[in-house]
Structures are given as structure tokens and as C-alpha cells.
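In listed order, ligands and their atoms are each counted from 1.
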Amino acid sequence: MLSKVNKIIVTGGPTREWFDPIRYISNASSGKMGIALADEAFKLNTSTVFIHGPISEHLLHGKAYKMVSIESTEDLLNAVLSELEDNSVLIMAAAPADYTPVNKSAQKIKKTEGELVITMKKTPDILKNVAQYKKSRGFKNLFVVGFAAETNDTENYAKGKLQQKDLDMICLNDVSQSGAGFNVDTNIMTIFTRSGEKFDLPIKSKNEIARDILERVSIELTKRG
Ligand code: PMT
């Protein structure tokens, strides 16, 4: 079924939000989960696009699919929206920064006595923007997969995100478990679908997890006919 969609768009890696010319807010995403998904997606559909934040060059080396490099969450939003089309699949494995500094100093902030306070504002929620975009364009066959990186009350948060972000499927990543989540080669996932089904994926390599996720997407697309 995935060979029949127009495009598979995968996002991966962190974003960076700068507050002076040499310092930024980010997170520990390595991009490995995103690359595993893009590699496996490309085997099924050569119209695969990987939109990624700053990740190690060696991970990106020798890939035959289209790659788009971005830095901030705002950049990621713009890159995702410009790739979106109907009859395609979006898989949001990226870990975008949820906050960005209100002020970006043009010069290095100097060390002074006392504490440094950085005021932050929310970045755009990409998946919520995608849901609005999908509606406004009348896309009936855009299948959207979100991820949820959680440390506590994991199932409730994941199901909440599935609903609030109007997703077709969400991959819950309990990042407090060893061998799961950020910057490791394996992962552990629980998939929840829009129709209320739940599938547990025990620990395995990120490529094997990626294959399982894509297989589930394919099954869900087949059910839609
Ligand atoms: O890159 P690795 O080191 O391999 O690690 C993989 C991973 C842990 C980053 C990956 O498996 C993962 O869980 N990615 C999602 C990380 C995340 O941002 O989760 P969240 O629960 O904060 O966000 C929920 C969903 O909303 C995600 O699909 C996220 O991409 C998306 N999001 C988040 C923030 C934002 N401003 N807009 C969004 O659309």
C-alpha cells in the first residue's frame, strides 16, 4: 500500500533555538529514529523525503532519498507544509523545541554576577498546524503519524496528543526505559491508532521498529480502501 502513496515525509532530529550568536536551546535527539524510518520508507516508496534538524553528518552520508535540512521549529513547520500533499504520509519523529527565547541577542551574552534568566515563548505546534492545513486544503488522504516522548503517565499523554493533534496514529516512546528513546540504537514503542487499537513493540533495533511502524501504516491505509 505504501508504494501507492504520492510521498512519504519523515522528520527527525532536534531543532535549535538560539538566544545569542553561540548558544541555543535544544534536546538530545540524534536523528537515528528518523533516519531508520526514512531508510525503511525509501525501500517501499522512492518518493521519500527526510526533513531533519542538526544531526551528525555521518548518519546522513550516502542516502539516496531527498533530504531537507532545517534548524528551528519554525523552519521545520515551513519545510513540512511545503512538502505536504494529499495521498501522502507524514511521520513526525522529530523532537522540535517547544519553546524559543523571546529575545535573540546579536552579541554574546556576557557572564555577570547573579543568575541569567532567559524568557521563552512557545514555538508553533507543527502537527496542529498540519491538521488545520489538511482541513483547509480538503486533503482527504493525508495519513499523519505523530510520536509522543513521555516519562510519566505515558499512555494518557499519548492518547491526549493523538486526539488534540488530530492524528491517524501515534507512536508512544517511554523515554524513561533503558534501550528506548533518545540517542540509542534500539527502541520500545506502543502504537495507538485513531480507531482505538493498541500495539506493543518490544525492544528491537530502530530499523526493525521503523519497519513495524510502516507496516502498521500500510494496514491502516488498506482498511481505508
Ligand atoms: O532521534 P533519536 O535520538 O533516535 O530519538 C528518537 C526520539 C525519542 C526523538 C523519537 O522516538 C521521538 O519520540 N520523537 C518525538 C519527540 C517529541 O517531540 O515528542 P513530543 O511528545 O514532545 O511531541 C509530540 C509530537 O508533536 C511529536 O510527533 C513531535 O514531532 C510533534 N511536535 C512537537 C513540538 C512541536 N512544536 N510541534 C510538533 O508537531
Short side-chain donor-acceptor distance under 3.5 Å, Thr73 and Glu17: yes

Close-range residues for ligand 1, whose non-hydrogen atoms fall below the 4.0 Å threshold: Ser29, Ser30, Gly31, Lys32, Met33, Thr73, Met92, Ala93, Ala94, Ala95, Pro96, Asp98, Thr123, Pro124, Asp125, Ile126, Leu127, Gly146, Phe147, Ala148, Ala149, Glu150, Lys161, Lys165, Asn173, Gly181, Phe182, Asn183, Asn187, Lys206

Main-chain N/O of Thr48 paired with Lys7 side-chain donor or acceptor, under 3.5 Å: no

Ile191 with Leu37, same ILVMFWY side-chain cluster at under 4.5 Å: yes

The single option from Arg194, Lys135, Lys134 passing salt bridge (Lys or Arg N to Asp or Glu O under 4.0 Å) against Asp166: Arg194

Polar side chain donor-acceptor pair, Asp200 to Thr190, under 3.5 angstrom: yes

Phe50 vs Leu60 side-chain heavy atoms within contact, under 4.5 Å: yes

